[in-house]
Amino acid sequence: MTSDATRIRLLMELRRQGIGDLRVLSAMERMPREEFVPESFRDRAYENTALPIFAGQTISQPTVVAMMTQALQVGARMKVLEIGTGSGYQAAILSRLCRRVYSIERNRELLSAAEKSFKRLRLGNITTRLGDGSKGWPEQAPFERIIVTAAAAALPMTLAEQLGPGGIMVIPIGPTPIDQQLMRVTRTDAGFTTEDLGPVRFVPLISDLAEPLPARMERS
Ligand code: SAH
């Protein structure tokens, strides 16, 4: 099948799966996913599957990218923070929908490959940083939207606190890869509300932040 035909088939599949936001569909239609996958997987770029990138990481399945982007309700004037640049594909989609994307990746090799793709495609409104994204990007906060593309064990409050008033964060949360839910967290006057958007499967968010010791370890 030609690449155009597989691309159209993918778009139809996204619509069938309930992606109705035309801005999201159009951004996905126009962004060449093959630019973000390794050479050896180029012919599979428009299959609706996650694909391996470097360092044991994956470029998310198109359905998941579409679902998360739609759930984020991005506006054209917004500043969006992404944790887990990976291949750069999700950041590239967001860059077409908002004013500026700030994206943090902890793996140097992945980040430099993603940066090359942004340059090649002239996506000038993506700013990147190498480091631990669980700390957020305090110098640029607050953000209207935050998207986390790796799974956290629990809601990272450091990130939630970097949301502006009415801000939305979309994040997979769960203790193990087989027990993750995609959550939408909204900052309200009173605090935060959360919605469960369904089960997902992501690689873990690897945090360098010191976690408090569990109670039973403190006692021994
Ligand atoms: N958004 C990506 C998919 C990311 S896969 C895409 O569109 O291709 C998850 C990524 O999160 C991996 O690249 C992994 O290295 C990165 N990651 C994991 N923990 C992280 C952390 N604490 N800070 C920044 N990046 C992290």
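None of the values given here were measured: they were computed from a predicted structure. Indexing begins at 1, ligand by ligand and atom by atom, following the structure's order.
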Self-check item: Part of Val65 within contact of ligand 1 (heavy atoms, under 4.0 Å)
Solution: neither
Self-check item: ligand 1 N/O within reach of Ser207 N/O, cut-off under 3.5 Å
Solution: no
Quiz item: Between Arg106, Arg108, Gln90, Gln57, which one has a non-hydrogen atom sitting closest to atom 24 (C) of ligand 1?
Solution: Arg106
Exercise. Out of Glu105, Glu109, Arg129, indicate the one that has the non-hydrogen atom closest to atom 14 (C) of ligand 1.
Key: Glu105
Quiz item: Given Thr85, Ile83, Ile59, which one has a non-hydrogen atom that is nearest to atom 2 (C) of ligand 1?
Solution: Thr85
Quiz item: What part of Pro204, side chain from CB on, backbone N/CA/C/O, both or neither, has a heavy atom under 4.0 Å from ligand 1?
Solution: backbone
Practice problem: Give the numbers and elements of all ligand 1 atoms closer than 4.0 Å to a heavy atom of Glu82. | Solution: 1 (N)
Quiz item: Below 4.0 angstrom, N of the basic side chain to O of the carboxylate: do Glu35 and Lys116 qualify?
Solution: no
Quiz item: Can a cation-pi geometry be assigned to Arg9 and Tyr46, taking NZ or CZ under 6.0 Å from the six-membered ring centre and within 45° of the ring axis?
Solution: no
Quiz item: Below 3.5 angstrom, do we get any N/O pair linking Asn107 and ligand 1?
Solution: no
Quiz item: Is the number of heavy atoms from other residues, nucleotides or ligands within 6.0 Å of CD (Glu39) greater than 12?
Solution: no
Exercise. For ligand 1, find out whether one of its N or O atoms is nearer than 3.5 Å to an N or O atom of Ile206.
Key: yes
Quiz item: At what distance is the nearest protein heavy atom to atom 9 (C) of ligand 1, and which residue and atom is it?
Solution: Thr149 O, 3.4 Å
Quiz item: Short N/O distance, under 3.5 Å, between Gly133 and ligand 1?
Solution: yes
Self-check item: Closest candidate by heavy atom, reference atom 1 (N) of ligand 1, pool Gly84, Ser134, Gly86, Gly131
Solution: Gly84
Quiz item: Quick check: does any side chain N or O of Asn125 sit under 3.5 Å from a backbone N or O of Ser95, one acting as donor and the other as acceptor?
Solution: yes
Practice problem: Identify, for atom 8 (O) of ligand 1, the protein heavy atom at the shortest distance, and state residue, atom and that distance. | Solution: Ser87 OG, 2.6 Å
Self-check item: Glu105 with Arg129: basic N within carboxylate O range, under 4.0 Å
Solution: no
Quiz item: Who's the nearest protein heavy-atom neighbour of atom 3 (C) of ligand 1, and how far?
Solution: Thr58 O, 3.5 Å
Quiz prompt | Under-4.0 Å salt bridge between Glu195 and Arg184 | solution = yes
Quiz item: Which ring pair (Phe, Tyr, Trp, His ring centres under 6.0 Å) pairs, counting each pair once, include a residue from residues 92-118, with sequence neighbours left out?
Solution: Tyr102-Trp137, Tyr102-Phe143
Practice problem: Before giving the answer on side chain to side chain contact (heavy atoms under 4.5 Å, CB included), spell out for Ile171 and Val185 the whole-Å C-alpha distance, their side-chain angles and the decisive distance to 0.1 Å. | Solution: CA-CA 8 Å; Ile171 176 171; Val185 181; 4.3 Å; yes
Practice problem: Would you indicate whether Arg120, at its atom CZ, is surrounded by more than 12 heavy atoms from other residues, nucleotides or ligands within a distance under 6.0 Å? | Solution: yes
